Amino acid sequence: MAVALIGLPGSGKSAVGRRLSQRLQWPFVDTDTLIEERIGCSIREYFEREGEASFRDLEQATIAELAQSPHGVLSTGGGSVLREANRHQLRRGFHVIYLRSSPEDLFRRLRHDVKRPLLQVQDPLGRLRELHAARDPLYRETAHDIVETGRPTVAMLVNLIVMQLELAGIAVPPSSDEQG
């Protein structure tokens, strides 16, 4: 079984996904990074040049391709749930975990981040609130489990997710301190 992390930009999908993949000894794939490697430019540049629909087509093809992998940890782009096909593919091919963050927590984490095009607006907190209102129901529809990110550390979040996976009957390798 593969695990997919979904959530708003800044919810920790990449950081938690990397650490979770190390803990589970499974490969890690960040869909945004994979797409950037394939298109040879940043998603922001591609978005501006080709438009959102073209990017969403690439994202949908990438998720469908990755859903064929038997194991791994997948970090998705924040907007991946906007397409119904992606929601179905994620739910069918992965154990999906929604890293849920309040707009205020996200704003606190991202207020100095200039790389995220969605937040380069006059009112980034207002934008995060809009995104949360629009996407939270889609994340909930797609997820098998929800983990509130709030203020826990990445390590604490990984431990919570591993517990969720164990409860769901997904085999996880023992941590190194249990192997001795």
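Nothing here was measured: the structure is a model prediction, and the numbers come from that model. Basis for what follows: all heavy atoms, side chains included, without hydrogens, waters or symmetry-related copies. If you read the sequence from its start, that first residue is 1, and numbering goes on from there.
To the nearest 0.5 angstrom, L5 atom CG is 11.0 Å from D145 atom CG. Interatomic distance, W26 CH2 to S21 OG, rounded to the nearest 0.5 Å: 10.5 Å.
Judged by distance alone, with hydrogens and angles left aside, the side-chain atoms of R87 form no donor-acceptor pair with the main-chain N or O of T142 at under 3.5 Å. Formation of a donor-acceptor pair under 3.5 Å by the Q68 side chain with backbone atoms of A64 is found in this model. Under a 3.5 Å cut-off, the side chain of E36 and the backbone N or O of I43 do form a donor-acceptor pair. Under the 3.5 Å distance criterion, the side-chain polar atoms of K13 are matched with a main-chain donor or acceptor of G7. A donor-acceptor pair under 3.5 Å links the side-chain atoms of S80 to the main chain of G77, judged by distance alone.
Under the 4.5 Å side-chain heavy-atom criterion for ILVMFWY residues, no single connected hydrophobic cluster contains both L82 and F47. If you chain together hydrophobic residues whose side chains sit under 4.5 Å apart, V154 and V3 fall into the same group. The hydrophobic cluster containing Y139 also contains F107, counting ILVMFWY residues as joined when their side-chain heavy atoms lie under 4.5 angstrom apart, directly or transitively. Tracing side-chain contacts under 4.5 Å through hydrophobic residues (I, L, V, M, F, W, Y), one reaches V16 starting from I170; they form part of the same cluster.
Checking T62, L66, V96 one by one against L74, the side chain to side chain contact (heavy atoms under 4.5 Å, CB included) holds for a single residue, L66.
Across A143 and R91, no two heavy atoms sit closer than the pair O-NH1, 2.8 Å. Across A85 and Q60, no two heavy atoms sit closer than the pair CB-NE2, 3.4 Å.
Ion pairing between a basic and an acidic side chain is recognised when a charged N comes within 4.0 Å of a carboxylate O; E52 and R83 show no such pairing.
Residues L99 and I161 have side chains in contact (heavy-atom distance under 4.5 Å, counting atoms from C-beta outward). Counting heavy atoms from C-beta on, the side chains of I63 and L90 come closer than 4.5 Å. Within the 4.5 Å cutoff, side-chain heavy atoms of L20 are placed close to those of V162. The side-chain heavy atoms of L165 and I97, taken from C-beta on, include a pair separated by under 4.5 Å. The shortest side-chain heavy-atom distance between V81 and N86 does not fall under the 4.5 Å cut-off. The shortest distance between side-chain heavy atoms of I39 and I35 falls below 4.5 Å.
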If you apply the rule salt bridge (charged side-chain N to carboxylate O under 4.0 Å, His left out), what do you find for E104 with R129, and how did you get there? CA-CA 8 Å; E104 292 74 19; R129 286 179 175 142; 2.9 Å; yes
With side chain to side chain contact (heavy atoms under 4.5 Å, CB included) as the criterion, how do R19 and L157 come out once you've worked through the C-alpha distance, each side chain's angles and the decisive distance to 0.1 Å? CA-CA 10 Å; R19 188 82 62 89; L157 290 170; over 6 Å; no
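Take H132 and apply the side-chain contact (heavy atoms from CB on, under 4.5 Å) test, not counting sequence neighbours, and it matches L8, Y98, R100, P103, D136. Every residue two or more places apart in sequence or in another chain that forms a side-chain contact (heavy atoms from CB on, under 4.5 Å) with D30 is listed here: S14, F28, D32, T33, S75.
Between the side chains of R23 and N159, a donor-acceptor pair is found at a separation under 3.5 Å. Side-chain contact annotation: S101 with T149, donor-acceptor N/O pair under 3.5 Å present.
Through direct or relayed side-chain contacts under 4.5 Å between Ile, Leu, Val, Met, Phe, Trp and Tyr, M156 connects to no other residue.
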